[in-house]
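What follows is a single structure, written as structure tokens, with notes after it.
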Amino acid sequence: MLLLLAAALLVAFVLLLYMVSPLISPKPLKLPGAHVVVTGGSSGIGKCVAIECYKQGAFITLIARNENKLLQTKKEIEKYSVNDKQVVLCISVDVSKDYGHVENVLKQAQEKLGPVDMLVNCAGTSITGKFEDLEMNCFENLMAINYLGSVYPSHAVIPTMKERRMGRIVFVSSQAGQLGLFGYTAYSPTKFALRGLAEALQMEVKPYNIYITVAYPPDTDTPGFAEESKTKPLETKLISETSSVCQAEQVARIIVKDAIQGNFNSYIGSDGYMLSILTSGMSPVTSITEGLQQMVCMGIFRIVGLFYLGSFDSIVRRCMIQREKSESTDKTE
Ligand SMILES: NC(=O)C1=CN([C@@H]2O[C@H](COP(=O)(O)OP(=O)(O)OC[C@H]3O[C@@H](n4cnc5c(N)ncnc54)[C@H](OP(=O)(O)O)[C@@H]3O)[C@@H](O)[C@H]2O)C=CC1
Ligand SMILES: CCCCCCCCCCCCCCCC(=O)[C@@H](N)CO
């Protein structure tokens with residue numbers, strides 16, 4: 001009898017939650033005619049994000065350093081036009097160097113294509129290696145590109161978004177921004193930093209109807225990933241092989257969908273789902289269903305996670321033993 005009452009109360013509580021859910025779920029952004037700025041838009045995930053938005057009728061500003069790559073990508077994107085008014089604007093700038101310059105070029109872009117409706121911060125890069133082998137400038141450069149390179153463009157577009165009481169900002173973090181892994185001592189902190197920025201900023205701008213999305217992609221087949229793989233420690237390779245490599249098109253589709261919906265968390269695949277639930281901490285929720293899943297699954301996923309961590313530790317230990325063995329045979333030879 002008591003059990004029945006408890007169950008009924010729980011059902012009533014969940015129903016109540018769903019009744020208030022329109023209060024926390026944002027209205028989807030309309031992409032046709034919208035102005036979308038993509039930093040790092042000339043390659044990999046950023047390029048695919050730009051194509052995905054263009055296919056849905058958006059006007060695009062691509063930002064990256066290399067002008068030739070930008071122009072080539074512009075041509076590629078224009079093949080997907082859905083109406084003859086659509087424009088792809090290219091801006092060559094380093095998003096991590098001079099804030100004044102970044103602010104200026106974004107002002108010019110807004111004069112040409114109208115106020116920014118959505119900013120996707122995708123410019124970024126990775127360097128892997130053992131902590132003691134990484135030069136100090138790796139830590140400094142990665143923080144500049146991956147973290148400050150997202151702060152600058154966001155800071156430049158927020159005032160207009162607040163005035164218009166609308167907008168979306170996407171930060172492209174990484175699964176390595178949800179957990180620290182061997183070889184990522186310089187990269188992971190830059191991706192964790194984006195999460196802190198996103199949480200604080202979301203609390204500030206939610207009353208202005210601006211929604212922040214943090215994307216946590218797994219390894220993705222891009223020119224950047226190919227470059228990273230050239231110098232990856234064996235441990236990092238073996239640990240990363242736990243989850244498979246995704247296609248940039250698929251990653252981009254999910255990021256764009258989540259940004260349109262205003263979801264704070266954007267993940268890919270079943271590992272991504274578990275990691276997002278497990279690391280949800282005090283991050284905002286954008287639907288009741290999401291909150292309920294976190295409440296129910298967190299404990300179970302912690303158990304699964306401990307098994308993963310155990311297997312990662314054993315990979316690292318095996319590699320160390322192997323290295324020591326080969327070093328000692330080298331010495332005796
Ligand atoms: N690929 C992967 O496995 C994963 C990637 N990510 C993240 O996704 C983002 C994109 O990665 P990916 O597509 O692989 O990268 P790519 O290396 O393929 O592309 C990076 C893009 O960013 C631009 N860029 C780099 N530095 C700067 C800068 N200082 N100023 C302006 N533009 C810059 C590059 O152009 P240019 O060099 O001409 O400036 C290029 O357009 C990164 O933030 C990365 O950390 C996250 C998880 C997994
Ligand atoms: C309970 C759930 C446990 C899930 C375990 C997940 C396993 C993680 C695999 C590590 C993938 C590393 C991604 C880094 C990608 C990246 O950012 C770089 N490639 C950028 O170039």
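Note that this is a predicted model, so its numbers are computed, not measured. Both counts, for ligands and for their atoms, begin at 1 and track the order of listing. Basis for what follows: all heavy atoms, side chains included, without hydrogens, waters or symmetry-related copies.
Residue-ligand proximity: Ala176 is placed with every non-hydrogen atom at 4.0 Å or more from ligand 1. Assignment of Ser126 to the shell around ligand 1 is not supported, since no heavy atom sits closer than 4.0 Å. Residue contacts with ligand 1: Glu227 is excluded, as none of its non-hydrogen atoms falls under 4.0 Å.
Within the 4.0 Å heavy-atom criterion, neither part of Leu70 lies near ligand 1. When heavy-atom distances to ligand 2 are checked against a 4.0 Å cut-off, Phe301 comes that close only through its backbone atoms N, CA, C and O. Of all the heavy atoms of Ala248, none lies under 4.0 Å from any atom of ligand 1, so neither backbone nor side chain is involved.
If you number the atoms of ligand 2 from 1 as listed, the ones under 4.0 Å from a heavy atom of Tyr184 come out as 14 (C), 18 (C), 19 (N). Residue Ser243 approaches ligand 2 through these ligand atoms, each under 4.0 Å from one of its heavy atoms: 9 (C). The ligand atoms of ligand 2 that sit less than 4.0 angstrom from a heavy atom of Gly305 are 1 (C). For ligand 1, the atoms lying closer than 4.0 Å to a non-hydrogen atom of Lys69 are 35 (O), 36 (P), 37 (O), 38 (O). Remark: ligand 2 atoms within the under-4.0 Å shell around heavy atoms of Leu181 are 10 (C), 12 (C). Near Ser174, with a cut-off below 4.0 Å to any heavy atom, the atoms of ligand 2 are 14 (C), 15 (C), 16 (C), 17 (O).
Under the 4.5 Å side-chain criterion, counting only non-hydrogen atoms from C-beta, Tyr184 is in contact with Thr128.
The residue from Leu275, Ile300, Leu179 that puts a heavy atom closest to atom 4 (C) of ligand 2 is Leu275. Closest to atom 19 (O) of ligand 1 by heavy atom, among Ser92, Ser43, Ala252, is Ser43. Counting only non-hydrogen atoms, the option in Asn146, Ile145, Val172, Thr190 that gets closest to atom 8 (O) of ligand 1 is Val172. Comparing Thr39, Val251, Asn66 by heavy-atom distance to atom 38 (O) of ligand 1, the nearest is Asn66.
Of the protein's non-hydrogen atoms, Thr220 N, 3.5 Å is the one closest to atom 2 (C) of ligand 1. From the protein, the heavy atom lying nearest to atom 37 (O) of ligand 1 is Arg65 NH2, 2.9 Å. Scanning all protein heavy atoms for the shortest distance to atom 46 (C) of ligand 1 gives Ser173 O, 3.2 Å. Of the protein's non-hydrogen atoms, the one nearest atom 29 (N) of ligand 1 is Asp94 OD1, 2.8 Å. Here the heavy atom of the protein found nearest to atom 6 (N) of ligand 1 is Tyr187 OH, 3.7 Å. Shortest contact from atom 42 (C) of ligand 1 to any protein heavy atom: Cys122 O, 3.5 Å. With respect to atom 15 (O) of ligand 1, the closest heavy atom belonging to the protein is Gly224 CA, 4.1 Å. What sits closest to atom 20 (C) of ligand 1 on the protein, heavy atoms only, is Gly124 O, 3.9 Å.
Geometrically, ligand 1 and Ile45 share a nitrogen or oxygen pair separated by less than 3.5 Å. Considering both main-chain and side-chain atoms, Gly46 never comes within under 3.5 Å of ligand 1 through any nitrogen or oxygen pair.
Screening Thr160, Ile210, Leu29 for a side-chain contact (heavy atoms from CB on, under 4.5 Å) with Met166, the sole residue that qualifies is Leu29.
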